[in-house]
Structures are given as C-alpha cells and as structure tokens.
> 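Below is a structure I'd like to ask you about.
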Number of protein chains: 2
Amino acid sequence: MPKISKNSEGLSKKEEILNAAIILFAEQGFSNTSITEVAKATNASTANVFYHFKTKEELFLAALQNVKEGIISHFDEYFRDREFENGLKMMEEIIAYYLYLAGAMGQWFLLLHSHYPYRLALVNEVCREHLEKTYNSLVEIFEKAVVKGKEDGSIADVDSRKTALVIFSMIEGVVRFKIYNLYDSGVLFAELIKSCNKILKYKE
Amino acid sequence: MPKISKNSEGLSKKEEILNAAIILFAEQGFSNTSITEVAKATNASTANVFYHFKTKEELFLAALQNVKEGIISHFDEYFRDREFENGLKMMEEIIAYYLYLAGAMGQWFLLLHSHYPYRLALVNEVCREHLEKTYNSLVEIFEKAVVKGKEDGSIADVDSRKTALVIFSMIEGVVRFKIYNLYDSGVLFAELIKSCNKILKYKE
DNA sequence: TTAAATACTGACTGACTAATCAGTTTTGTA
DNA sequence: TACAAAACTGATTAGTCAGTCAGTATTTAA
C-alpha cells in the first residue's frame, strides 16, 4: 500500500501541481498556460508533471473535477445543520453564499466561465459529465429553495425548474461581471435580491 | 488616393482577414488561434496578415473594435423608425432582439464572453475602451427603456440604472448559457420575459 | 538490509509559433 | 505607357511547446 508523502502544507506533489494548474488555467486559459509554467510554480520538473498527469488535457480534466467537487462539497458543508425561516429566505441566503463563494474561490468560477471546457465537452465525455454534474447540482440548489417556498407559502405558484434557471442565470451574469471586473457585485447585490424577491413573490 | 480592391464578396483582403480572425478568435480563443490559421482561412500568406496588422494583438484589437461597432450599429439600425407602445413593451422587444442578435452573430458574443479581452484590458487602454464603450452602450439601451416606462407609467418607480444592470446581467447569463450550449435560450425566453415584467412592474 | 515500487530529473525532439525582410506582383493614376 | 504606391509572397529565424526517455533518487514493505 503506497503511502503518499506530503509536504509542509500537507499536500502531495500531485495535489500541489493540481492546485497550481487550477489557478493558472483559470487566470490565463488552457492554451496560454504551459506545463513548464505549472512545473515552475510548484518547483517540479516538466517531466514530473507528465508523470502525474499523462497529458495536458488530463491535467485540465483533473482541475475541472477538483472544481466540481470543491463547489459541491462547499455547498454540502453550507447546508449541514442549517435551517431556513422559509423558501424565500433560503433563496436569499443561497444567493449570498453563492456570491461569497465566487469571491473567495474566484479561480473555480473563472475556470467554469472560460470557453475551453465547453469546447472540450463537445468531444470529451468526461469533461461533459463534469460540467453537467456541476451545473445540475447548482440549479438543483436553487430549485429546492423554490419548492420549499411554494410549500410554505413564501413563494408564489411558479414553475420551479424554470424559475430556478432564470434566477441562476441572473446570478451567473452578476458573477461574470464580478470576475471580469466589469461591474462590482457588491453594488448589484441589494438590487439582485430585490429583483429575485419580485420574481418569486408575484404571480404573473 | 488609394482605391481598395474588393473581392467577389465585396470585401477587401484586410476585411476578409478581420472577419476570419473574429470567428477564429471567438471559437478557439486568442492563444489557440495562430496567424497561420487566419492566413489559411483567407488564402493569404502569414506575411500578408502581418502587412495589414502589425502584430497578433493588433489584429485582436481590430476584431474587438469590429464587434463593438457591429453591435452598436445593429442596435442603431433596429431603433431607426421604430416606435414602442410603452417602456415595458420596449424592454420586451429589446430583450427579444438582443437574444436574436446573440444567435445570429454568435461570434461577436463569444468573443465578448471570452476571458482574454478582459485580461488584456488590464494593461491595454484601447482594449479597455472598446469593452467599456460596448457595455455602456448596451446598458444604456436597457436603461432608456426603464426611463421611458417610468414616464409612461408602464414601469414602477425603480432605480433606472441599477434595474437596467440587473436585467442586463440576467440576459447576459442566458446568452452565456446559449453560446456555451448549456441551456437553450428558447426554452428560457418566455420565463425571462415574465421575470423581467415582475421586476419592472412591482415596487418592493 | 534489501528489493521493488514509486517519485522524480535532465536532456532531448519535432512540431509549431509570431514576426521579419528582401524581393515580386498588382493596382491606381498622371 | 510609365511609375510609384500598395499589396503580397517565400524563405527564414529565434523561440516555445507538449511530450518522451533513459536513468537517478526516494520511499515503502518484507
């Protein structure tokens, strides 16, 4: 049974390389990030990077998987032992956490907002599965809040899935403005919550 | 006075190269598109591409400028000789046209949604100006509809600028889902209009 | 202690890249 | 026609890239 050696921060070299790759792929894109760069950032040789990850594409897929698992586990952690007043409040708090996470873990969302994985997904099933799983998990979270709100009466009788999708796309739009430095999400946050409330409280 | 020769489609070689560059940069990204590729797509030599555009970056900036001017002139054309029943209807029709344009001119929006120009904007003033001008023009269009609606009473007393920004980010979110093949904007369109109406019609 | 598995490295390769330049062809005009 | 400007090309360069490989160092389990 191989024991994996860890460095001072408790990470194996493989994990170190993976973390550096996430940041570099997110900030510079896939094509504009060389394996040499990843190697330098982790004091490894390029050959060592290729020892842990057969190809550059495989390294990218591992990065995407890591982001997927990170987002999902962060939300799992967030929901553990947490109660919400009602569905509407739950939605509000989920949005706040989503925007917090997009700020704290900017690399994850930058990677998810880059074009490359979506092009790769057209020809690579593993990539497609990572993306689908990530987005399904996220939309599901918003949908749960809508369903809960419809049950407790805090949310009007709307189509749960479609409403969740529209709210999700609204938030993703704001996240994009934030990570691309277009508009500050802080300023938009209050307005976002107001708009969201209107969408959920009123029946057309 | 130099007369620019045009090919069978009425485009000069320079324009041909520029159009090919927009498509290739949009679909494959800046780093992953080589000048050789652009040259091959237009039956030109690489040296000829560099004759018309001093550097690869300059070609990209020309592409971004072209996209900016394309979007602005398309909206100018759309508004020419067009009357709207009221501000709310105007907003609805603008959204419909925005989504139509994002489908018809997918390359433009792909280029605007790629990460590269926003990184370049941090160090290149021309790039920053193109992006700012593009987004300001777009948000302004949505804002005009809100202002008009507030005047004619079809829209409640909301903050025009902030509401325009939230609606814009919502639409940009849907556009992103569309161009990245995540969710079909056709399905979301009706829901988008409904949500937009609620945001605009009700006072919190 | 030892042997095997794992982790890692330096040196290398062939393909590709942005950009240059000297020289040729095409075009517009006087 | 003549000539100058503009448009264009082939050949080249210096550098970067992903990926390989033969061999070395380290770790693990017996």
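By convention in this document, chain letters (A, B, ...) are assigned in the order of the sequence lines, proteins followed by strands, and residues within each chain are numbered from 1.
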> Without decimals, in angstroms, what is the distance between B/E15 CD and D/dA7 P?
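The answer, rounded to whole Å, is 12 Å.
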> Between A/E37 and A/K40, is there a side-chain N and carboxylate O pair less than 4.0 Å apart?
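No, this pair does not count.
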> What residues from residues 115-122 of chain B pass a heavy-atom cutoff of under 4.0 Å to DNA chain D?
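Heavy-atom contacts with DNA chain D come from no residue of residues 115-122 of chain B; none.
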> According to salt bridge (Lys or Arg N to Asp or Glu O under 4.0 Å), who are the partners of A/E92, at least two apart in sequence or on a separate chain?
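Here no residue qualifies.
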> Would you tell me if any nitrogen or oxygen in the side chain of A/N48 comes within less than 4.0 Å of OP1 or OP2 on C/dA7?
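No, no such contact exists.
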> Among all residues two or more places apart in sequence or in another chain, which pass the salt bridge (Lys or Arg N to Asp or Glu O under 4.0 Å) test with B/K148?
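So B/K148 forms no salt bridge (Lys or Arg N to Asp or Glu O under 4.0 Å) with any residue.
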> Ignoring hydrogens and angles, tell me if any N or O in the side chain of A/K198 forms a donor-acceptor pair with the backbone of B/S195 under 3.5 Å.
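Not confirmed, A/K198 side chain does not pair with B/S195 backbone.
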> Indicate, with yes or no, if the rings of B/F60 and B/Y116 have centres closer together than 6.0 Å.
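Aromatic pair counts; centres sit under 6.0 Å.
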> Mark up nucleotides 16-23 of chain C, 5' to 3', with B wherever a protein heavy atom is under 4.0 angstrom from a base atom, S wherever such an atom reaches only the sugar-phosphate, and - elsewhere.
-SSBBB--
> Check the distance between D/dA7's P and B/H52's NE2 and give it to me in whole angstrom.
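Distance check: B/H52 NE2 to D/dA7 P gives 6 Å.
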> Just distance, no hydrogens or angles: give the donor-acceptor pairs under 3.5 Å from side chains in residues 168-176 of chain B, sequence neighbours left out.
unit_1 : atom_1 : unit_2 : atom_2 : d
B/S169 : OG     : B/V166 : O      : 3.0
B/E172 : OE1    : A/R176 : NH1    : 2.7
B/E172 : OE1    : B/H113 : NE2    : 3.2
B/E172 : OE2    : B/Y98  : OH     : 2.7
B/R176 : NE     : A/H113 : ND1    : 3.4
B/R176 : NH1    : A/E172 : OE1    : 2.7
B/R176 : NH2    : A/L112 : O      : 3.1
B/R176 : NH2    : A/Y118 : OH     : 3.3
B/R176 : NH2    : A/Y135 : OH     : 2.7

> Check this one for me: any side-chain N or O of A/Y51 less than 4.0 Å away from OP1 or OP2 of C/dA7?
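So the side chain of A/Y51 is within the cut-off, an N or O lying under 4.0 Å from OP1 or OP2 of C/dA7.
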> Ion pair present between A/E191 and A/K194, side-chain N to carboxylate O less than 4.0 angstrom?
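Yes.
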> I'd like to check the salt bridge (Lys or Arg N to Asp or Glu O under 4.0 Å) partners of A/E125; sequence neighbours left out, ordered by chain and number.
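A/E125 satisfies salt bridge (Lys or Arg N to Asp or Glu O under 4.0 Å) with no residue once adjacent residues are dropped.
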